[in-house]
Amino acid sequence: MNTPATTAIANTASAALRDRIRDVQEAARGVTTLYPRSYILQCIKEDRFPDELWQKLGEFGLLGLSVPEEYGGSGGGVLEITALNEALALAGVPTLFLVVTGLGRVPIMRNGTPEQIRKFVTPTCTGEKKLCFAITEPNAGTNSFAMTTLATPNTDGGWTLNGQKVFISGARDADYMLVIARTTKASEVKNRTEGISLFVLDMKTPGIQLTQLNIQVETAERQYMVFFDNVKLPADALIGEAGKGAKLMFEGLNSERLLAAGAAIGLGDYALAKAVAYSKDRKPFGKPIGSYQALQHRMAQAKAQIEAARLMTYNAAERFDAGEDAGAHANMAKLLGSQAAVAAVEAALQTHGGYGFDRDYDVVTLWPMIRLLEIAPINNEMLLNYIGEHVLGLPKSY
């Protein structure tokens with residue numbers, strides 16, 4: 001059976017790859033049948049991490065996607081884990097933790113030592129350990145190069161970390177955190193990309209304090225302000241070379257764009273399916289409201305946007321896994337995916353009318369998460385800036 005993802009890559013991928021995507025998404029449907037949308041809503045209500053779902057994803061080998069078998073994974077690349085993220089969202093079971101886990105593992109896999117990979121990545125393949133990601137700071141925002149969180153070297157070869165991060169999804173539930181920090185202050189480097197390093201820290205390390213943010217988004221993961229007060233890190237916490245982490249950082253961020261795009265198109269299709277089903281059943285004037293062009297065209301437009309975004313997403317993921325420079329395509333995928341998802345949920349709300357705002361219909365509950373995807377993990381305005389400057393060759397945007 002074809003899935004949305006296999007249809008999207010039908011003309012660009014090998015039969016073997018299409019089969020693999022189909023297998024991933026069919027396995028995901030097996031998990032979401034056991035742990036459907038109602039399960040996630042209950043976890044949100046109880047403010048708890050969906051451990052049963054996460055462990056089942058591990059049992060099915062889905063958490064190990066993009067990690068080589070020699071390190072305990074299931075193989076494949078970012079394309080496969082993007083397909084997984086889409087499949088979960090298609091069932092109304094999106095998980096931000098899969099996004100942060102997927103992006104956090106990329107720089108470790110590509111630049112860490114075999115020992116670091118086995119320590120920080122391998123346990124995430126089964127769900128035994130969870131990994132989150134910290135880059136954004138209160139006074140820097142999307143200007144990551146202006147970060148002030150600083151790691152200073154110790155005489156024993158380790159590091160001392162001080163500073164703070166914000167909007168860190170799942171920090172409470174994570175065992176490890178990939179932290180982007182400066183090892184040279186921004187004021188002391190000639191090029192703003194210099195002096196940035198990547199560290200993986202154990203969340204049980206003394207000196208880490210979490211403050212939950214009052215963010216109302218219907219996801220099981222909560223967002224946190226994270227404070228580092230003289231946090232001692234061992235030498236093996238450093239991934240790659242000190243001060244040369246900017247390139248490593250963007251390797252992870254490009255995969256993050258794709259995972260976010262996968263979640264967006266999945267959630268968009270989920271919202272649109274609810275609109276279609278309701279519009280076929282609702283007959284206030286004797287005919288289904290789905291026959292009204294004012295609603296039908298809106299839904300049709302959203303569907304076209306979703307399919308276009310899906311094509312871009314899987315094309316970008318293939319490029320990323322092939323080792324190409326996929327920055328432009330990843331940014332476009334996230335931009336188009338988030339816009340398509342918003343169009344879909346807006347169509348669903350309009351189709352449901354007043355009932356769309358009744359939480360029991362589970363439509364308005366989708367809106368915050370979908371709308372957030374136009375802002376996070378990076379806002380669409382910054383993506384447009386990138387496309388304007390690096391794709392079209394226009395002057396830098398201000």
Is there a donor-acceptor contact under 3.5 Å linking the side chains of [X] and [Y]?
X: D202; Y: T205; value: no
X: N385; Y: K396; value: no
X: N380; Y: S338; value: yes
X: S397; Y: E389; value: no
X: E194; Y: T184; value: no

Which of parallel (below 30°), tilted (30 to 60°) and perpendicular (above 60°) describes F97 and F49? perpendicular
Contact check, side chains of Q305 and L336, non-hydrogen atoms, under 4.5 Å: no
Is R182 paired with E137 through a side-chain N to carboxylate O contact shorter than 4.0 Å? no
Indicate yes or no: does K247 engage E251 in a salt bridge with an N to O separation below 4.0 Å.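 Answer for the salt bridge query: yes.
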Do R282's NZ or CZ and the ring of Y292 fall within the cation-pi criteria of under 6.0 Å and 45°? no
Return each pair, listed once, that meets ring-ring contact (aromatic ring centres under 6.0 Å, His included) where at least one residue sits in residues 354-382; pairs must be two or more places apart or across chains. Y355-Y361
hydrophobic_cluster_shared for I40 and L90, side chain cutoff 4.5 Å: no
Co-membership, hydrophobic cluster, residues I168 and L178, 4.5 Å side-chain: no
In Å and rounded to the nearest 0.5 Å, what is the CG to CG distance from N111 to L198? 8.0 Å
